[in-house]
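Starting from 1, each residue takes its place in the sequence as its number. Order of listing sets the numbers, starting from 1, for every ligand and every atom in it.
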Amino acid sequence: MSVLDDDPTAPWPPRDHLIPDRAFGTRAIHAGQPPEPRTGAVMVPIYQTSTYVQPAVGEHLGYEYSRTGNPTRAALETCLASLEGATYGACFSSGSAATATLLHSLRPGDHVISSDDVYGGTYRQFNTVFAPMGIEFTFVNMTNVDEVRAAVRPGTTKLLWVETPTNPLLKCVDIAAMCDIARAASAMCVVDNTFATPYFQQPMALGATAVVHSTTKYVGGHSDVVGGAVVTSDEALANEIFRLQNGIGATPGPQDCFLQLRGLKTLHLRMQAHEANATALAEFLSEHAEVDKVLYPGLDSHPQHAVAAKQMSGFGGMVSFELKGDLARAERFVASCKVFSLAESLGGVESLIELPAAMTHASVPPDVRKAIGIADGLVRLSVGVEDLTDLRDDLAEAFEASR
Ligand code: P1T
């Protein structure tokens, strides 16, 4: 049967268009996005509407109001769920909104164990938004499984928040081990998969309850949109997330969903190119006399290289390194780059450079930053997909110019 024979009054796009038997690249382009049956449009239209006409009171065609549901958003939600090997997806106006909505499923007195070097905004949200509401947090070095096990409060720990690779230290946490600990404690194990993306890492297959994304990053892929997502296969959790998504209302507009759908279509291609450039630059930096330490999960020297190799099919596009010299030298270095732009965020086709201590992780108190190893001179690269020679030359010239 042609898609054009589909019942035009059925809700579109179908939420079950996960096409799980198709390979990743095919799902990135097609999951949740069968041709639109009324017109045959191959691309998902931008349904720029806040509301939907109802044939009669109490009857509708699958959509009533765009905070509750919008077809462009539904396509994105289904596509992301499919790529993560999940059944349900919910999209948000930012990664932080996705995190907050999920955290709202907890109750005062509930306890969360989190990676200690999560994104600075996540750390700030946990400590300044949810801790005052009575949610309790313990931040641990999640690469130490015993430390995580020891932090569990039986009956009270409800969530293990795993970010891997971490931002900005690129520590790799053993997802399967965290899921085992969570399961034994009857807690959720939620993985922020922003850095790896589903192309390189599949937390659901390793036992995660849910996966969270800042889709602002590699999913969007072009630094032109802010968004977030939660996916899960747990029906009860999905219903709770949909209830909170509608109740809190931090939902993305259809234009933003369209940009993310468009970005997703090349996710697999972009990730291969990001990784090839990142690997080459990590090797270049490792051999540089003015670099103290390079953090990249693909390097044999990375402390959790074995964990990364076990659970990732590629090591991503993020590289952090410590420059020799003081903070002023690091500031001169990042300001000297011409192809790398000095900016927060990551995951776009263009290369970005930043100093986490002064920028993305400035909201983490200095003593905490020091304790977890975010040095003032730590430089973070979001390696883009420009030509490698230009990226390598840019860094080489910045070493010279910043001396
Ligand atoms: O920026 P937003 O879309 O709200 O996403 C928050 C977020 C969540 N999780 C991870 C791992 C992240 O890196 C981020 C955002 N990070 C940056 C803006 C940054 O430059 O690191």
(request) Could you tell me how the ring of Phe399 sits relative to the ring of Phe321: parallel (under 30°), tilted (30 to 60°) or perpendicular (over 60°)? (result) tilted

(message) My understanding is that only one of Gln201, Met178, Gln304 makes a side-chain contact (heavy atoms from CB on, under 4.5 Å) with Thr164; could you say which?
(response) Gln201

(request) Mark the output for Ser345 as yes if a heavy-atom distance to ligand 1 is under 4.0 Å, and as no if none is. (result) yes

(message) Which of the numbered atoms in ligand 1 are under 4.0 angstrom from any heavy atom belonging to Gly95?
(response) 2 (P), 3 (O), 4 (O), 5 (O)

(message) Tell me the contacting part of Glu354 for ligand 1: side chain, backbone, both, or neither, using a 4.0 Å heavy-atom threshold, strictly below.
(response) neither

(request) Say whether, by atom type as modelled, one donor and one acceptor occur between the side chain of Asp192 and the main chain of Thr194 under 3.5 angstrom. (result) yes

(request) Can you measure from CD (Glu77) to OH (Tyr88) and round to the nearest 0.5 angstrom? (result) 13.5 Å

(request) Classify the ring geometry between His288 and Phe284 as parallel (under 30°), tilted (30 to 60°) or perpendicular (over 60°). (result) perpendicular

(message) For Gly227, state whether at least one heavy atom is located under 4.0 Å from any atom of ligand 1.
(response) yes

(message) I'd like to check which ligand 1 atoms, numbered from 1 as shown, lie under 4.0 Å from a non-hydrogen atom of Thr360.
(response) 19 (C), 20 (O), 21 (O)

(request) Return yes when Lys217 approaches ligand 1 closer than 4.0 angstrom through a heavy atom, no otherwise. (result) yes

(message) Any nitrogen or oxygen of Glu344, side chain or backbone, less than 3.5 Å from one on ligand 1?
(response) no

(message) Using a 4.0 Å heavy-atom cut-off, which part of Thr99 comes near ligand 1: side chain, backbone, both, or neither?
(response) neither

(request) Look only at the side chain of Arg73 and the backbone of Arg67, and say whether a donor-acceptor pair between them is shorter than 3.5 Å. (result) yes

(request) Using non-hydrogen atoms of the residue, decide whether Arg380 is closer than 4.0 angstrom to ligand 1. (result) yes

